[in-house]
Q: 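Just dropping this structure here.
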Amino acid sequence: MASPIPLPFSLPQFANYPMEDLALIERAFRFAEEAHGGQMRASGEPYLTHPAAAAETLAKLNLDAHTIAAALLHDVIDDTPVTIEEIEKEFGSEIAFLVNGVTKLGKLKYRGVERQVENLRKMFLAMAEDIRVVLIKLADRLHNMKTLSALPEHKRKRIALETMEIYAPLAGRLGIGDMKGQLEDLAFPYAYPDEYRWLMHEVQEQYRERQEYAERVKPVFEDYLRQDGIAPLDVHARAKHHWTLYQKLLKKDMDITKIHDLVALRVVVPEIQDCYAALGATHKHWRPLPGRIKDYIALPKPSGYQSIHTTVFCLEGKITEIQIRTPLMHEHAEHGIAAHWAWSEAGKPRSIDLGGRRDTKLAWVKQLREWQKEVRGTDDFLESLRIDFFRDRIFVFTPKGEVMDLPEGATPVDFAYHVHSAIGDQASGARVDGKYVALDTALQNGQVVEIITQRNRKASQRWLEFVKTNVARGHIRRSLRVQGIEVRAPAAKEKKITADLSLAVEDRIGLLRDISNVLTEHNVNIRSLTGEASDPPKPTVITAVIDLEDNRQLREIIPKLKAIPNVIDVHYKILQE
Ligand code: MN
């Protein structure tokens, strides 16, 4: 059968891949082509265009051949009769693991519940186990967004909002600025149509004008640089993304004249010293606006972003932002963690030997850590992810695809009580991924858990021996009391350490209550809890003196406190042990 779609590796982004990689990619391509057969997309295109587009995106990020093969195969499990066992047999365990990971993430349902958004993002990363699964999922979503207009309207809105809330922030947090901007701009018209129309009406003309202007400045600028002995590798006009422009306008009274970087000029020069030389050359000809020179090379943004920005009275006196950076800085700004992941010193894509599935989790945490070190700043999100989500949390699904966040070792009984106290009380059995299991089975990440209930069932005292959550324990005790069964509360554990907590917060009604709830939920003895208001912009500080059983308990509490809305930062000091 003649393929209407060109082999992906005929594209320039595949030029760096060695022959054996290309052979693997071609094999995956042929396999997907065969599996998807005559399937069509809603857009009317052959289905294969979709995985091929995802593969191209990842090749642009220079990811390894396994990832690209997995991207080509990412929809065969859900949409064709092919099984994961067949993938494993044909392509080995690593590619099967990646495909399976993407398939599992596809089951995640976004319901626009505010409270679930952050959970969903974290769960996404925790469940993925491997950063490459997230990257494939992002590439998958990018192409789905590009073809969104083919879907019915109610679906478009939901998918666009999900992209805004889950996918774009994830791309941002992984430093893939290029993809974040694309996802947001593709989602913007569907997620917020009125705002989008307003923006386009206001700025489309300005965009065009500034773009033309930037083209006029380019040769003049290049000339100035060369006069000073700087050889620019690339000078291009960078139009601000629509969504980020809209966000900025919200902060600037919707006044477009206050935006100086609608279209910025970006110059890439070989070395760091060239960046400063280029800054000098720029200021020699165009007077800078005072207070607008930003040296993100000396002081990178928390995301690791590096560049020099200056705003000048440019050609014809027009106020223009100029950004100066090296190729490495450019690569990192656009590709973030993917840049770090994909390139070896030789600058060739490499495949990553993870030595089997069990190590992937660790490998990717390690990778995150290295990346964090590299970007210097500490991203709170990644930090909390590492502490909170790789040690002791698991995420499981309800049969409807909702996410439950439970501690490691949690059982179907814990799960049942988290769904609803009545479900817990009446639990008589459980099915995990379709198979019957005992009620004390430890649940694993990503499993789908279904509780079988019987109307007249009641909580059993035996459950107290294995449940892992306080929620379940509390409900079981209550139910036993109702049944007239006396439960001896276990002797309270001795409180061994005293700690002084200090929380920087933006005060709001109910904040103190939320904080004390977290502390009491963890069975912590609160000696004092006081707030001291201060004038903005200084944050209010809340201090608490608490008694705890051990350090581990303290480590559990800190990320929970940090996750409370309006809590900016939490510090602690151990007073006595
Ligand atoms: Mn897909």
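Atoms within each ligand, like the ligands themselves, are counted from 1 in listed order. Residues: numbered from 1 along the sequence shown.
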Q: When you measure from the Mn ion (ligand 1) to each N, O or S atom of Asp140, which atom gives the shortest distance?
A: OD1
Q: Does His241 have its ring centroid less than 6.0 Å away from the ring centroid of Phe188?
A: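 No, too far apart.
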Q: Round to 10° and report the angle made at the Mn ion (ligand 1) by NE2 of His74 and NE2 of His50.
A: 90°
Q: On the 0 to 90° scale, with breaks at 30° and 60°, tag the His50-His74 ring pair as parallel, tilted or perpendicular.
A: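 Rings of His50 and His74: perpendicular, over 60°.
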Q: Knowing that exactly one of Arg158, Arg156, Lys157 qualifies, which makes a side chain to side chain contact (heavy atoms under 4.5 Å, CB included) with Leu151?
A: Arg156
Q: One thing to verify: whether Glu321 and Lys240 come together as a salt bridge, which I'm taking to mean a side-chain N less than 4.0 angstrom from a carboxylate O.
A: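 Here Lys240 does not pair with Glu321 in a salt bridge, since their nearest N and O are not under 4.0 Å apart.
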Q: State the atom name: nearest N, O or S atom of Asp75 to the Mn ion (ligand 1).
A: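 The atom in question is OD2.
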